[in-house]
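Everything numeric here is computed off the predicted structure, so don't read it as measured data.
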Amino acid sequence: MTLLRPDKVPVSFAVMTGETPMWAEIDQDLRARLARGEFDQRFPTDRELVDQYDVSRHTVREAVRGLQDEGLITRNRGRGSFRTPESFAQPLGTIYSLFRSIEDSGVTPASVVISQEERRDEIAAKALDVSPDASLFYLERTRLAGGQPLAVDRVWLPMPLAAPLLEANFTRAALYEELRDRCGVVPEEGVEESRPVNVDRETAVRLGLASGAPAFKIDRRTRAGGRPLEWRISIVRGDRYVFKAEWNTPWEATASRLVESNES
């Protein structure tokens with residue numbers, strides 16, 4: 001990215017009247033430049049902004065603070081500042097495909113496959129209600145959205161059911177669609193728990209985050225035909241994923257049921 005010299009700052013900034021504080025004018029101009037996609041690769045440092053706008057470091061920091069507070073940019077110590085990647089909203093209470101959630105947002109999904117193999121795992125076997133030495137299909141991926149890392153995904157399924165998945169190409173495929181097409185089964189019910197975590201060093205590197213950065217850990221277990229089908233652990237970037245709940249029951253009705261429940 002070519003940075004502008006002080007004598008070549010955007011026209012929108014050059015014509016400002018000075019009737020508002022300088023930091024507010026710079027804030028407005030940076031927002032316009034973000035909207036034009038100028039900072040897709042890297043956001044300028046304070047020193048670079050001081051040179052571009054010919055102002056003090058204090059003025060620059062005041063201008064940038066609002067962008068940070070609104071989540072438009074992310075600053076990582078030692079790595080610099082970056083435009084915050086697009087986030088994705090996932091409705092609660094439904095069995096969903098992360099692949100389709102990304103695609104439905106108009107962003108291209110992809111995966112880097114780390115492992116796709118048959119293996120044994122006593123903890124996963126217990127989660128799937130099979131014998132401790134049972135063969136399992138294991139798939140581990142780094143999930144990408146628009147070419148940027150979004151999640152680290154690990155999933156186990158019973159091998160007798162999922163063996164055809166060993167031949168699938170999961171760099172561009174959705175697991176549930178491959179399960180349907182190759183194995184003739186889809187999740188029919190499930191339970192999912194989400195909780196905030198701080199990522200370890202290895203996961204941070206894979207997700208492009210600083211070690212200890214916040215993320216969501218999602219534990220999902222699905223069933224089909226009354227039997228366990230899938231156990232999945234996903235670590236999802238906290239700055240790119242939103243859980244969304246909607247309801248249509250009036251508060252008064254909910255409160256009445258709570259009172260009745262407490263009195264019974």
#### Entry: Heavy-atom side-chain proximity of Trp231 to Leu136 below 4.5 angstrom
no
#### Entry: Asp129 versus Pro228, closest heavy-atom pair with distance
CB-CG, 3.8 Å
### Task
Could you tell me whether the side chain of Leu175 reaches within less than 4.5 Å of the side chain of Arg141, counting heavy atoms only?
yes
### Query
Shortest non-hydrogen contact from Arg172 to Pro109?
NH1-O, 3.2 Å
### Query
Is Asp219 salt-bridged to Arg221, going by a charged N under 4.0 Å from an acidic O?
yes
### Task
Using side chain to side chain donor-acceptor pair (under 3.5 Å) as the criterion, list what pairs up with Glu117, not counting sequence neighbours.
Ser115, Arg119
#### Entry: Partners meeting salt bridge (charged side-chain N to carboxylate O under 4.0 Å, His left out) with Arg195 (sequence neighbours left out)
Glu193
### Query
Is the closest side-chain heavy-atom distance between Phe43 and Leu49 below 4.5 Å?
yes
### Message
Do Val155 and Leu166 land in one hydrophobic cluster if side-chain heavy atoms of ILVMFWY residues count as linked below 4.5 Å?
### Response
yes
### Task
Please tell me if the side chains of Leu139 and Leu165 come closer than 4.5 Å, counting only heavy atoms from C-beta onward.
no
### Message
Exactly one of Ile114, Val199, Thr203 should register a side-chain contact (heavy atoms from CB on, under 4.5 Å) with Val152. Which one does?
### Response
Thr203
### Query
Hey, does Arg61 have a side-chain heavy atom less than 4.5 Å from the side chain of Val64?
no
### Query
Which atom pair, heavy atoms only, marks the closest approach of Ser131 to Ala125?
O-CB, 3.4 Å
### Full working for side chain to side chain contact (heavy atoms under 4.5 Å, CB included) between Tyr138 and Asp121
CA-CA 9 Å; Tyr138 176 69; Asp121 185 301; over 6 Å; no
### Task
Decide if atom CD of Glu118 counts as having more than 12 heavy atoms of other residues, nucleotides or ligands within a radius under 6.0 Å.
yes
### Heavy-atom side-chain proximity of Asp27 to Glu62 below 4.5 angstrom
no
#### Entry: Any donor-acceptor pair under 3.5 Å from Glu192 side chain to Ile218 backbone
no
### Task
Could you give me the CA-CA distance, side-chain angles and deciding distance for Tyr53 and Leu30, then say whether side chain to side chain contact (heavy atoms under 4.5 Å, CB included) is met?
CA-CA 11 Å; Tyr53 291 105; Leu30 289 173; 3.6 Å; yes
### Message
Between Arg57 (side chain only) and Asp46 (backbone N and O only), is there a donor and an acceptor less than 3.5 Å apart?
### Response
no
### Message
I'd like to check Glu230 versus Tyr176 (side-chain heavy atoms, cut-off strictly below 4.5 Å). Are they in contact?
### Response
yes
Let me have the donor-acceptor pairs involving side chains of residues 180-187, under 3.5 Å, with sequence neighbours excluded, atom names and distances please.
residue: Arg182; atom: NE; partner: Glu178; partner atom: OE1; Å: 2.4

### Task
Find out whether Phe137 and Gln116 are in side-chain contact, i.e. whether some heavy atom of one side chain is under 4.5 Å from a heavy atom of the other.
yes
### Message
Donor-acceptor check, side chain of Arg120 to backbone of Asp133, threshold 3.5 angstrom: yes or no?
### Response
yes
